[in-house]
Amino acid sequence: MKETIIVIGSNGQIGTELVNELRSIYGGDNVIATDIKEPSYEVLHGGPFEFSDVLDKAGLQAIFEKYKPTQIYLLAALLSAVGEQKPKMAWELNMNGLLNILDFARTYGVKKVYWPSSIAVFGPNSPKQQTPQYCTMDPNTVYGFSKLAGERWCEYYFLKYGLDVRSLRYPGLIGWKSAPGGGTTDYAVHIFHEALKSNSYECFLSENTELPMMHMSDAIKATIGIMDADASLVKIRSSYNVAAMSFTPKSLTEEIVKHLPDFKISYVDTDPRQAIADSWPKSIDDSYSRKDWGWNNQFDLPGLVTDMITNLKK
Ligand code: SER
């Protein structure tokens, strides 16, 4: 059967790469990119694009009527750091954006919905090492508890209405094709750009702040992987832990120095993002993803650093 896929929030860090990948699989015309902002040249010219605000129900309805999508990827959200500056707006966008899409998906008989969650659903009292799928969750950022509530809604729509919703708890995502915006893990992308530009980087997290991270191409592979999996294999309908690697600014620097021997990092110790990072897991146990639907990552830390530096140099 022909798929018609709408990606909402197509201009963000994940959307930019996901749209291109989905278009290469399903054909450019079958993947409709939507965002509130002007897209990149590639997204604009690779297939249909529509301006759309996920909070504007009339606008959404027009798009659902026009395209009759079979799959939706909802990526529009405010991330952790920006969310703390605009808490009510983060709640409004992250929560009501999701509810709007879940409702339209039901009304229009959409076959599958993808919605990302995050390691931000965990909090200060969650286990820090190998954080399990099921444990204490007391997120203290608006972003984190909007994602946790969203997970509950996704499972609810699956159980109550049979809507086929699938979700992953992404760690920090690192790629060279698109820029992150407003997150706590953004340093791990910025550092590569600054290393190549000026051989130095001033980091907003302290040197031993360990966080779970993943190469963007692994994140795209995981996303399409869970969406392609047979529905019977997707047993968790809130959101799955996924993991690839964990590192600190210090261990990342040690790896970068192998490629750029003169690279120097310094640290600012007054950034509000530090408290957010301190409340999150250091590493993630993703055994349910590996067992249920066959997740495995390709990139480890040395592979990620080599790939980032090689591609950003070009
Ligand atoms: N990368 C996100 C952030 O830092 C986590 O989901 O906010």
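Remember, it's 1-based here, ligands and their atoms both numbered in the order they're listed.
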query = Is the closest N or O pair between Tyr170 and ligand 1 shorter than 3.5 Å?
reply =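 Looking only at distances, the answer is no, because the N/O contact criterion of under 3.5 Å is not met.
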message = Considering both backbone and side-chain atoms of Trp280, is one of its nitrogen or oxygen atoms within less than 3.5 Å of a nitrogen or oxygen in ligand 1?
response = no
key: Lys264 bridged to Asp262 by N-O distance under 4.0 Å   =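 Result for this pair is no, no salt bridge flagged.
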key: Salt bridge present between Lys111 and Glu3 (N-O < 4.0 angstrom)   =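 Here Lys111 pairs with Glu3 in a salt bridge, since their nearest N and O are under 4.0 Å apart.
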query = With under 30° as parallel and over 60° as perpendicular, where do the rings of Phe51 and Phe49 fit, or are they tilted in between?
reply = perpendicular
Enclosure of Phe64 CZ (heavy-atom neighbours >12, cutoff 6.0 Å) =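 Yes - once you tally the heavy atoms of other residues, nucleotides and ligands closer than 6.0 Å, there are more than 12.
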Under 4.0 Å from any heavy atom of [X], which atoms of ligand 1 are there?
X	result
Thr184	3 (C), 4 (O), 7 (O)
Leu79	7 (O)
Ser118	5 (C), 6 (O)
Ser80	3 (C), 4 (O), 7 (O)

ask   = What residue and atom, counting heavy atoms only, is the protein's closest point to atom 1 (N) of ligand 1, and at what distance?
value = Thr185 OG1, 2.8 Å
ask   = Does the ring centre of Tyr134 sit less than 6.0 Å away from the ring centre of Tyr288?
value =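 So the answer is yes for these two rings.
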query = Can you name the residues that form a salt bridge (Lys or Arg N to Asp or Glu O under 4.0 Å) with Arg23, not counting sequence neighbours?
reply = none
